[in-house]
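This structure is a prediction, so every number in the text was calculated from the model and none was measured.
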Amino acid sequence: MRKPLAAAVLAGALALTAVTAPAAVAAGEGPNYGGNETVNTSILHTYEELAAELEVQDAKQPRLDVDVIGQTVKGRDIFLAKYISNPENPTVLFLTQQHGNEQLTTEGALEFIKHLGTGKTKGVLDGVNVLIVPMLNADGAMGDVNFPLDDYIAAGDRHLTRYNANEVDINRDHITRNQPETRALHDNVLGKYNIDYMIDLHHQGAQSERDGQLVSGSILYPTTENVEADVLEGSKQLGAVVFNAVDSTGWGHLGKYVGGTAETISRNGIAVEYGISTLLFEMRGMSDHYRDDYVLGQKSNGYLIKQTVTTLDAAVRAISDRSIDDADTSFWDSLAEQNTRSE
């Protein structure tokens, strides 16, 4: 990977000190946008800042390789961060920002990449291979699209939109693969590596609740009838690992996502086509949207980034030491489906 590195770019990168600080309240109790709070995109990594940070980490971490797997509609490189110690080890893929306005998962993925370069994960990478696509839809993340974003909410130097530059939801393109972003993912990641697990990280609206309490996120396994039984069980075990890690924190509160069966969606289609155990994780609130009830105030950024790091770290450790094979999936039977708060 060869990218110019500028000090000004690094200076503008998001400060993530809040990631390590304990949350004062449960994540579901964080502030809504409500038309009252500034939602500023300038505190989020731009595409250029992401590229620069990946270059820094690539140079610092001997076990990390950063590849370019393709380009977006507008010609931006799509990056893959790789930690491959032994091809015989199980492999997990983390995918973020299929939707460009769902960026806190990308912030968390970048923090996790830095985390993997520290002594905190000593020995973990000996037992697992880790692949991370930290920003699949860079054009949407930069608001560099071929349609207007006049009614989007966020302030700052750019808007972030769900769709790619062609106004296509690329998480509905996993069968036809008409868009360059989905083709790059399938041709150069899913079809190239022997992947066992995948967590597809998204954001949802800010008003979802479980058992009367707003959630910090929600999870779901593949729900198409065509998924193989062992793949489904692996998905449920991956969900158990994540649920136990996040819901036990005191600030995390997870619900069961209500999702469809279409195989155009990555959670379903990738599980069927490649035999990968997949888990959808929907974080609370979006970085930008045209609906007030979808956007979450930026005071919530810290714990949602921390939730992403917690999720990725728990998954990697459980796969590495094989404890995922003993994960108790019975919690799925009683985990309530989230609903949307009416007020």
J.: Does one hydrophobic cluster hold both L190 and V128, with members joined at side-chain heavy-atom distances below 4.5 Å?
T.: no
J.: Less than 3.5 Å apart, any donor N or O on the side chain of N40 or T38 sitting next to an acceptor on the other?
T.: no
J.: Please report the C-alpha distance between E53 and L50 in whole Å, then the side-chain angles of each, then the deciding distance to 0.1 Å, and finally whether the side-chain contact (heavy atoms from CB on, under 4.5 Å) criterion is met.
T.: CA-CA 5 Å; E53 184 60 46; L50 175 139; 5.9 Å; no
J.: Can you list the steps and then say if D321 with R317 is a salt bridge (Lys or Arg N to Asp or Glu O under 4.0 Å)?
T.: CA-CA 6 Å; D321 66 12; R317 291 179 184 276; over 6 Å; no
J.: Is there a side chain to side chain donor-acceptor pair (under 3.5 Å) between Q307 and S216 once you walk through the steps?
T.: CA-CA 8 Å; Q307 181 171 250; S216 61; 2.6 Å; yes
J.: If you compare all heavy atoms of Y163 against all heavy atoms of V145, which two are closest, and at what distance to 0.1 Å?
T.: O-CG1, 4.3 Å
J.: Please name all residues satisfying side-chain hydrogen bond (donor to acceptor under 3.5 Å, both in side chains) with Q338, sequence neighbours left out, ordered by chain then number.
T.: Q204, S208, S218
J.: Is there a path of hydrophobic side-chain contacts, each under 4.5 Å between heavy atoms of I, L, V, M, F, W or Y residues, that connects Y197 with L279?
T.: yes
J.: Indicate yes or no: at least one non-hydrogen side-chain atom of L64 is less than 4.5 angstrom from one of K82.
T.: no
J.: Cluster question for you: counting only ILVMFWY and a side-chain heavy-atom cut-off of under 4.5 Å, with indirect links fine, are L238 and L254 together?
T.: yes
J.: Report yes or no: do Q61 and Y83 form a side-chain donor-acceptor pair below 3.5 Å?
T.: yes
J.: Does I113 reach the side chain of L54, with side-chain heavy atoms less than 4.5 Å apart?
T.: yes
J.: Answer yes if the side chains of Q237 and T329 hold a donor-acceptor pair under 3.5 Å, and no otherwise.
T.: no
J.: Between N101, N137, D169, which is the residue that forms a side-chain hydrogen bond (donor to acceptor under 3.5 Å, both in side chains) with R162?
T.: D169
J.: Classify the ring geometry of Y152 against H159: parallel below 30°, tilted from 30° to 60°, perpendicular beyond 60°.
T.: tilted
J.: Between H99 and H203, is the ring centre distance below 6.0 Å?
T.: no
J.: Is any NZ, NE, NH1 or NH2 atom of the basic residue among K114 and E111 found under 4.0 Å from an Asp or Glu carboxylate oxygen of the other?
T.: yes
J.: Any salt bridge linking R76 with D144? Criterion: basic side-chain nitrogen under 4.0 Å from a carboxylate oxygen.
T.: yes
J.: Using the rule that two of Ile, Leu, Val, Met, Phe, Trp, Tyr join whenever any of their side-chain heavy atoms come within less than 4.5 Å, decide whether V68 and I78 are in one cluster.
T.: no
J.: Does this structure show an ion pair linking D247 with R210, if we count only N-O contacts that are shorter than 4.0 Å?
T.: yes
J.: Does one side chain, of H202 or E102, offer a donor that lies under 3.5 Å from an acceptor on the other?
T.: yes
J.: Can a side-chain donor-acceptor contact be found between Q71 and D77 if the only test is distance below 3.5 angstrom?
T.: yes
J.: Heavy-atom count around E228 CD within 6.0 Å, excluding the residue itself: above 12?
T.: no
J.: Using distance only, find each side-chain donor-acceptor pair of residues 262-270 under 3.5 Å and give its atom names and separation, not counting sequence neighbours.
T.:
residue, atom, partner, partner atom, Å
E263, OE2, T224, OG1, 2.6
E263, OE2, N226, ND2, 2.6
S266, OG, Q98, NE2, 3.2
S266, OG, N171, OD1, 3.0
S266, OG, D200, OD2, 2.5
R267, NH1, Y221, O, 3.2
R267, NH1, T223, OG1, 2.9
R267, NH2, G260, O, 3.2
N268, OD1, T223, N, 2.8
N268, OD1, T224, N, 3.4
N268, ND2, G260, O, 3.1
N268, ND2, A262, O, 2.9

J.: Given V189 and L93, is the side-chain contact (heavy atoms from CB on, under 4.5 Å) satisfied, shown in steps?
T.: CA-CA 9 Å; V189 182; L93 168 65; 4.1 Å; yes
J.: Quick one, H174 with L185, criterion side-chain contact (heavy atoms from CB on, under 4.5 Å). Give me CA distance, side-chain angles, the key distance, then yes/no.
T.: CA-CA 9 Å; H174 287 283; L185 177 66; 3.8 Å; yes
J.: Are R177 and D173 within salt-bridge range, i.e. N to O under 4.0 Å?
T.: no
J.: For residues F281 and Y257, determine if any side-chain heavy atom of one lies less than 4.5 Å from a side-chain heavy atom of the other.
T.: no
J.: Hey, is R63 close enough to D126 for a salt bridge, meaning N to O under 4.0 Å?
T.: yes
J.: Between T72, N166, N164, which is the residue that forms a side-chain hydrogen bond (donor to acceptor under 3.5 Å, both in side chains) with E181?
T.: N164
J.: Is there a side chain to side chain donor-acceptor pair (under 3.5 Å) between N339 and E209? Walk through the geometry before answering.
T.: CA-CA 6 Å; N339 59 280; E209 63 179 8; 3.1 Å; yes
J.: Is E282 close to I219 at the side-chain level, that is, under 4.5 Å between some pair of heavy atoms?
T.: no
J.: Is any side-chain heavy atom of I195 less than 4.5 Å from a side-chain heavy atom of V92?
T.: no
J.: Let me see the working for F79 and L136 under side-chain contact (heavy atoms from CB on, under 4.5 Å), right down to the final yes or no.
T.: CA-CA 8 Å; F79 300 109; L136 187 62; over 6 Å; no
J.: Does this structure show an ion pair linking K74 with D139, if we count only N-O contacts that are shorter than 4.0 Å?
T.: no
J.: Do the side-chain N and O atoms of T106 and Q97 include a donor-acceptor pair separated by under 3.5 angstrom?
T.: yes
J.: Treating Ile, Leu, Val, Met, Phe, Trp and Tyr as nodes and any side-chain heavy-atom pair under 4.5 angstrom as an edge, say whether L116 and I84 lie in one connected cluster.
T.: no
J.: May I ask you to test the L104-L44 pair for a side-chain heavy-atom distance under 4.5 Å?
T.: yes
J.: Is there side-chain contact between Q179 and R172, with heavy atoms separated by less than 4.5 Å?
T.: no
J.: Give a yes or no on whether the ring-centroid distance for H186 and Y274 is below 6.0 angstrom.
T.: yes
